[in-house]
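In each ligand, atom 1 is the first atom listed, and ligand 1 is the first ligand listed.
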Amino acid sequence: LSYGIDIVTGVSESLVETERTRHRRLREQGSLDREALIGILRAGFVCHLGVIIDGHPMVIPTVYGLSPDARTVYVHGSVASRSLGARPDTEICVTVTHVDGLVMARSVFEHGVNYRSAMLYGTPRLLAATGDKLLGLEHLSEHIAKGQWAYARQPNKKELAKTSLLALELEEASVKIRSGGPSDGDSPDAELPVWAGVIPLHTSWGAPEPADDLKPDIDVPPHLASFGR
Ligand SMILES: Cc1cc2nc3c(=O)[nH]c(=O)nc-3n(C[C@H](O)[C@H](O)[C@H](O)COP(=O)(O)OP(=O)(O)OC[C@H]3O[C@@H](n4cnc5c(N)ncnc54)[C@H](O)[C@@H]3O)c2cc1C
């Protein structure tokens with residue numbers, strides 16, 4: 001890294017704060033670390049996609065993928081999906097949230113959640129050319145289950161025509177992270193006979209379970225077997 005710019009990818013190591021992404025409340029939980037943003041995006045695959053449809057806000061849970069160079073986020077779905085029918089001038093907001101624990105304080109007011117969250121803003125590109133679409137879908141698929149793009153049958157022309165794919169560059173984004181215990185330890189409430197601390201939340205994959213109709217001679221491929229370990 002040199003002058004805050006990664007000389008290989010050309011991506012700035014810090015997020016540039018904009019009027020929109022400037023944290024107002026609980027600013028100490030905000031971060032301008034691009035690596036933190038990338039870590040949050042790599043750790044998940046479900047986002048909430050916020051759009052304005054016919055003048056009304058709509059927030060849709062959907063999967064996303066991050067490109068290997070960590071510059072672009074992809075969301076996809078049916079061409080009939082209204083949330084994906086973005087026009088070139090339509091901005092979206094994408095959020096990704098990981099909950100790490102419940103923060104139990106002595107007072108109800110001070111209870112909280114440990115989390116890592118990211119918000120992305122921008123005008124996405126609707127990918128229409130077959131090559132762009134296939135590459136974007138590969139990035140999305142590989143983000144969720146590495147190795148599956150090459151393993152499974154890839155989309156044919158008909159399936160591609162039924163699929164909308166939006167690409168959003170990671171240009172305007174914010175990160176917020178809360179960790180640690182309750183913050184009422186130095187208040188008079190610390191004297192109360194009330195348990196305080198953190199209840200961590202861990203999520204993990206189980207071992208792959210075969211489909212009921214799976215041909216008996218097909219084993220779990222290594223890239224999927226590794227999920228449950
Ligand atoms: C799982 C979870 C639970 C939460 N529960 C609560 C709750 O119960 N009450 C509460 O007040 N807050 C809660 N928060 C924090 C909440 O997300 C907001 O950060 C906070 O409420 C400040 O909101 P605001 O409208 O004042 O944002 P502002 O500070 O005005 O937001 C300014 C900008 O900061 C950025 N920003 C704000 N919040 C986030 C975020 N979470 N992640 C990334 N960027 C962000 C955005 O770019 C936004 O445009 C929770 C967060 C998470 C992830």
Side-chain angles (χ1 to χ4, degrees), residues 4 11-53 55-67 70-75 83 86 89-125 143-144 166-187 189 192 194-205:
V11 173
S12 160
E13 70 176 324
S14 284
L15 297 170
V16 177
E17 195 176 64
T18 65
E19 188 47 29
R20 185 157 52 178
T21 61
R22 187 169 59 79
H23 295 278
R24 271 79 167 179
R25 286 190 49 237
L26 303 168
R27 290 180 58 81
E28 68 285 359
Q29 294 174 10
S31 166
L32 290 174
D33 182 359
R34 184 175 287 271
E35 285 306 315
L37 169 69
I38 293 170
I40 289 168
L41 296 177
R42 289 217 168 109
F45 64 96
V46 174
C47 67
H48 285 85
L49 167 63
V51 285
I52 301 288
I53 301 282
H56 302 286
M58 184 170 168
V59 180
I60 299 280
T62 189
V63 301
Y64 70 91
L66 180 67
S67 62
R71 285 168 177 264
T72 311
V73 159
Y74 299 92
V75 288
S83 58
D89 58 348
T90 306
E91 285 201 304
I92 61 172
C93 177
V94 173
T95 68
V96 175
T97 309
H98 304 292
V99 176
D100 296 322
L102 276 181
V103 183
M104 315 308 284
R106 288 87 176 174
S107 69
V108 170
F109 182 84
E110 290 293 343
H111 282 63
V113 179
N114 279 343
Y115 65 82
R116 292 157 288 143
S117 66
M119 294 177 63
L120 319 175
Y121 295 99
T123 305
R125 287 175 291 129
H143 172 84
I144 298 169
L166 299 184
L168 180 68
E169 307 309 324
L170 294 193
E171 278 163 4
E172 192 179 358
S174 60
V175 167
K176 211 161 174 176
I177 298 171
R178 192 209 187 276
S179 59
S183 50
D184 59 356
D186 54 5
S187 78
D189 286 339
L192 293 173
V194 175
W195 188 88
V198 173
I199 304 172
L201 176 64
H202 302 292
T203 46
S204 60
W205 297 104

Does only the side chain of R22 get under 4.0 Å from ligand 1, or the backbone, or both, or neither? Count heavy atoms.
backbone
If you scan protein heavy atoms around atom 24 (P) of ligand 1, the nearest is R25 NH1, 4.4 Å
I'd like to know if atom 47 (O) of ligand 1 has any protein heavy atom within a distance of less than 4.0 Å.
yes
Heteroatom distance test (K176, ligand 1): nitrogen or oxygen, under 3.5 angstrom
yes
Under-4.0 Å heavy-atom contact between protein and atom 5 (N) of ligand 1
no
Does the protein place any heavy atom closer than 4.0 Å to atom 13 (C) of ligand 1?
no
Short N-O contact, R24 and E19, less than 4.0 angstrom
yes
Would you find a donor on one side and an acceptor on the other, under 3.5 Å apart, between the side chain of D184 and the backbone of R106?
yes
Any protein heavy atom sitting closer than 4.0 Å to atom 35 (C) of ligand 1?
yes
Aromatic contact, H143 with F45 (centres under 6.0 Å):
no
Should you measure from each heavy atom of R24, which atoms of ligand 1 turn up under 4.0 Å away?
28 (P), 29 (O), 30 (O), 32 (C)
Which atoms of ligand 1 sit under 4.0 Å from any heavy atom of T97?
1 (C), 53 (C)
